[in-house]
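All of these numbers come straight from a predicted model, not from anything done at the bench.
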Amino acid sequence: MHHNLVDAGRPLFLCRSASCKAPQSVAATASAGGMSQPRRPVDFAAATPYLVHDTFRAMSCITKQIAHLDLDCFFVSVERIKDPSLRGKPVAVGGAPGGRGVVASASYEARAFGVRSAMASSRALRLCPQLILVRSRHHEYGEISERLATRMEEIAPVVERASIDEFYLDFTGCESLYQNNLAGFMHSMQKMVADEFSLPCSIALATTKTLAKIAVGTVKPNGVCVIPPGNEESFLAPLPIGVIPGVGAKTEALLTRRGFRTIADLQAQSEEHLCALLGASGGWLHAVAHGRGSDTVSVEHTRKSISREETFAKDLRAIPELEGELRTLVEDVCATVREKGWRARTIQLKLRYADFTTITRARTIDPTDDDPVIFDTVQSLFRAAYDREQAVRLLGVHLSNFDDAAQMELPLNPQRQHREELLKAVDRIRAKFGDDVIHVGGA
DNA sequence: TCTGGGGTCCTAGGACCC
DNA sequence: TCTGGGGTCCTAGGACCC
């Protein structure tokens, strides 16, 4: 993702990425008409010789064919499978309405009332009193997303899981496997997702990831959009700059102040001018406005950080209580790290006060996955940082800078081995009986 | 309006090293 | 007496995404 275009009004860097919010304006999309469905499903094992052939072709001809598949209000759609009575109604999945929850996903019926994701649930209910709020079941959504990705890997050559509800598929050079009718195949794929998973989705096909993502936003929900090569600039021109993934509220405000409204306004500027405004990120923005950008769909992805945080139902001040919360967060996050077989080097505490000011404090130590070691570090960071005048709204523990334990491991000494087994056993007990039944003591 | 939780990436500035 | 230059690592903060 590219972020940080703007910091305190100053232009900063922008990196590469692809993800974006839904655009408001819908450009004429060159959807291929009269498309026929492929006659048979593609068997990729059998197709390998073609793939090799097509890969060479793809390398020599530059034009990519990248699809972006985006599940429409995914969490709500999953809840509607479980409870069909939610169909056609304003529904939001999210946190407790009485507490401090926010909306994670809103149905299009709810969006008509102005309900948006990340909005406080209480505000959503004021905007739409008949709104049905459903508690989020993230685990379930993750499993369905996983199954869908696996299914897509059977019918598309290269699949990147961009998020729980977004996927990129690279069809470059494989047109012949789809009867030279990729546009038609987009519709087949959409139908497959509807038939086999009961999930609505939107799909766009374009020459870069960023463009496909922008395009899909113009046809949601339940749309298909194909941008034929060569039509990138004219497609983008009328869209507002805010649809570009990486241009968030701050950057949009900065650009608006400078008189930019549509992507056409960006296209009219030289790269130098945009760089003068935004620093090096201006170059990236210039490329995206002209329909260029990241076109590498990559299959594998390694996590760079693992974190847990919790906003309390009521602000807390008592130190034993706060440290108890920290202990739970540490145990949680450590279990995940051990599951992966990793060890973290950088341990970060996050502290948000009642007035929403947020600080982070980090320390880098020898690689570890050991609860007490990490807890001691977090506790000392907390004791040094906590301003006792203020009540605490949120605490978080964030681990990063991983050493792959399997990779770096020298043979374990017996003590270390014993410790590993102890920690794993504790994880199993916690998983079975709950987090509070057992804690690990010092090494 | 009153702001979740999980991430990614980027910047600046300082420490430290050669 | 006035102050190099490049590189890397670490920390804090922030923009942005779903």
Side-chain angles (χ1 to χ4, degrees), chain A residues 1-22 70-75 92-97 99-106 114-127 135-136 138-139 141-142 145 161-167 210 213 217 242 244-254 278-281 284 294 301-313 329 332-333 336 345-365 381 385 393-401:
Chain A
M1 333 270 126
H2 3 263
H3 306 307
N4 245 32
L5 270 110
V6 175
D7 175 36
R10 279 177 316 159
L12 289 179
F13 240 87
L14 186 69
C15 74
R16 309 276 184 70
S17 149
S19 34
C20 98
K21 55 186 191 180
D70 193 319
L71 295 162
D72 299 327
C73 53
F74 175 47
F75 298 174
V93 170
R100 292 169 151 176
V102 298
V103 172
S105 172
V115 174
R116 296 285 179 273
S117 57
M119 175 181 282
S121 301
S122 54
R123 181 170 181 221
L125 277 169
R126 270 197 301 280
L127 286 170
R135 285 305 296 269
S136 177
H138 208 86
H139 193 72
Y141 312 146
S145 171
R161 308 178 187 194
S163 76
I164 197 167
D165 63 351
E166 290 182 327
F167 307 86
T210 314
K213 183 162 173 66
I244 298 172
V247 175
K250 306 274 179 178
T251 306
E252 191 178 2
L254 181 142
L278 298 168
S281 47
W284 174 85
S294 168
H301 166 77
T302 40
R303 274 215 268 177
K304 304 220 164 56
S305 70
I306 293 176
S307 64
R308 290 285 180 283
E309 61 181 58
E310 193 186 349
T311 297
F312 309 121
L329 293 168
D332 240 39
V333 93
T336 307
R345 292 195 56 232
T346 303
I347 294 153
Q348 184 182 265
L349 165 81
K350 179 168 167 183
L351 217 174
R352 175 171 288 154
Y353 292 111
D355 69 356
F356 227 73
T357 57
T358 306
I359 64 168
T360 60
R361 293 291 178 268
R363 188 177 299 160
T364 298
I365 61 173
L381 289 169
R393 177 191 178 87
L394 167 149
L395 285 175
V397 175
H398 179 107
L399 304 184
S400 58
N401 209 347

Results of side-chain hydrogen bond (donor to acceptor under 3.5 Å, both in side chains) for [X] - residues two or more places apart only:
X: A/Thr358; answer: A/Arg352
X: A/Tyr353; answer: none
X: A/Thr346; answer: A/Thr364, A/Asn401
X: A/Arg161; answer: A/Glu146, A/Glu153

Self-check item: Toward the 5' end of DNA chain B, by each residue's nearest nucleotide, A/Ser122 or A/His398
Solution: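 Nearest nucleotide further toward 5': that of A/Ser122.
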
Just the table, please: protein N/O against nucleotides 7-9 of chain C N/O, every pair under 3.5 Å.
none

Quiz item: Roughly how far apart, to the nearest Å, are C/dT3 and B/dC17 at atom P?
Solution: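 Rounded to whole Å, the distance is 24 Å.
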
Examine [N]: is either OP1 or OP2 under 4.0 Å from a nitrogen or oxygen in the side chain of [X]? Give yes or no.
X: A/Arg361; N: C/dG13; value: yes
X: A/Arg363; N: C/dA12; value: no
X: A/Thr251; N: C/dC16; value: yes
X: A/Arg100; N: B/dG5; value: no

Only counting residues at least two apart or in another chain, list the ones meeting side chain to side chain contact (heavy atoms under 4.5 Å, CB included) with [X].
X: A/Arg308; answer: A/Ile306, A/Leu329, A/Asp332, A/Val333, A/Thr336
X: A/Ala104; answer: A/Phe75
X: A/Ser117; answer: none

Quiz prompt | Per A/Thr360 side chain, nearest of listed nucleotides C/dG13, B/dC2, B/dG4 | solution =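 For A/Thr360, the side-chain atoms sit closest to C/dG13.
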
Quiz prompt | Side chain of A/Lys250 (C-beta onward), nearest among C/dC18, C/dA15, C/dA12 | solution =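 So the side chain of A/Lys250 is nearest to C/dA15.
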
Quiz item: So what stems show up for DNA chain C if we need 3 or more Watson-Crick or G-U pairs in a row, all under 3.5 Å?
Solution: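 Correct response: B:5-18 with C:5-18.
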
